[in-house]
Trainee: 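Quick one: structure below, then a few questions.
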Amino acid sequence: MAQAMRPNTGVSIFATDGKPHPLQDTLVVVTLVLGLTAIISSIWSGLHLLSSWTGLVGILVGGYGQYISETTRERFGLVLGLGASAVGFFIGMAHGGLFGGVIS
C-alpha cells in the first residue's frame with residue numbers, strides 16, 4: 001500500500017513535500033507583490049517609472065525563484081508573479097521606459 005505512506009499535502013500552502021522552504025516562499029510573495037504593483041501602476045501612463053522598475057525587479061526575483069524552487073506550488077505562484085511583472089514592465093516601457101522617456 002504505497003498510498004498510505006504519502007504525506008498530507010493539504011495542510012501546507014507552499015511546501016508540498018512536507019519540508020519548510022522559507023527562502024522560496026519569500027521569493028514567491030515578493031514576486032507576486034512586485035507583479036501586482038507593476039501591473040496596477042501600468043494603468044496610469046504617468047507611473048511608468050514605477051511600473052517598469054517594479055516589473056524588471058519582479059522578473060529578476062521571479063527568475064531566481066524559479067531557479068531554486070522545489071515544489072509545484074512555488075512554481076505556480078512564481079509564474080503568476082512573473083507574468084504580471086512582465087506585463088507591467090512592458091506596458092511601463094511603452095509609456096516611457098525606465099528613465100523617464102526619450103532624451104533629446
Side-chain angles (χ1 to χ4, degrees):
M1 269 183 137
Q3 63 269 29
M5 297 303 292
R6 290 186 184 165
N8 185 5
T9 59
V11 175
S12 174
I13 294 174
F14 294 113
T16 55
D17 60 353
K19 300 175 191 171
H21 301 197
L23 176 61
Q24 289 86 349
D25 295 344
T26 303
L27 291 174
V28 169
V29 171
V30 169
T31 303
L32 287 170
V33 168
L34 288 169
L36 283 174
T37 304
I39 203 163
I40 290 171
S41 64
S42 70
I43 295 171
W44 298 279
S45 62
L47 294 177
H48 63 87
L49 290 173
L50 178 65
S51 62
S52 59
W53 279 107
T54 55
L56 179 62
V57 173
I59 290 169
L60 295 175
V61 170
Y64 179 68
Q66 283 283 20
Y67 180 69
I68 66 168
S69 66
E70 297 183 11
T71 64
T72 303
R73 290 183 184 180
E74 292 166 359
R75 292 181 191 114
F76 180 76
L78 286 167
V79 166
L80 289 177
L82 276 166
S85 294
V87 168
F89 173 71
F90 291 132
I91 293 174
M93 291 299 288
H95 285 164
L98 295 168
F99 300 107
V102 178
I103 300 172
S104 17

Trainee: Taking the side chain from S42 and the backbone from I39, do they hold a donor-acceptor pair closer than 3.5 Å?
Mentor: yes
Trainee: Between S52 and M93, is there a donor-acceptor pair closer than 3.5 Å when you use the side chain of the first and the backbone of the second?
Mentor: no
Trainee: What's the shortest heavy-atom distance between S85 and G35, and which atoms?
Mentor: OG-CA, 3.3 Å
Trainee: Under the criterion side chain to side chain donor-acceptor pair (under 3.5 Å), which of R75, Q24, E74, H21 is the partner of S69?
Mentor: R75
Trainee: Would you kindly confirm whether L32 and L78 end up in one hydrophobic cluster when ILVMFWY residues are joined by side chain heavy atoms under 4.5 Å apart?
Mentor: yes
Trainee: Going only through I, L, V, M, F, W and Y residues with side-chain contacts under 4.5 Å, is there a path from I43 to V87?
Mentor: yes
Trainee: Looking only at heavy atoms, what is the nearest atom pair of W53 and L98, with distance?
Mentor: NE1-O, 2.7 Å
Trainee: Linking I/L/V/M/F/W/Y whenever their side-chain heavy atoms sit closer than 4.5 Å, directly or via other members, would W44 and I91 fall into one cluster?
Mentor: yes
Trainee: If every non-hydrogen atom of T31 is compared with every non-hydrogen atom of V61, which pair is closest and at what distance?
Mentor: OG1-CG1, 3.5 Å
Trainee: Under a 4.5 Å side-chain heavy-atom rule over Ile, Leu, Val, Met, Phe, Trp and Tyr, are L27 and Y67 clustered together?
Mentor: yes
Trainee: Tell me, which pairs form a ring-ring contact (aromatic ring centres under 6.0 Å, His included) where one or both residues lie in residues 76-95, sequence neighbours left out?
Mentor: none
Trainee: To the nearest 0.5 Å, what is the distance between CG on L47 and OG1 on T37?
Mentor: 11.0 Å
Trainee: Hey, which of L49, L50, L36 is the one that makes side chain to side chain contact (heavy atoms under 4.5 Å, CB included) with S41?
Mentor: L50
Trainee: Under a 4.5 Å side-chain heavy-atom rule over Ile, Leu, Val, Met, Phe, Trp and Tyr, are V29 and I40 clustered together?
Mentor: no
Trainee: Is any side-chain heavy atom of V79 closer than 4.5 Å to a side-chain heavy atom of Q66?
Mentor: yes
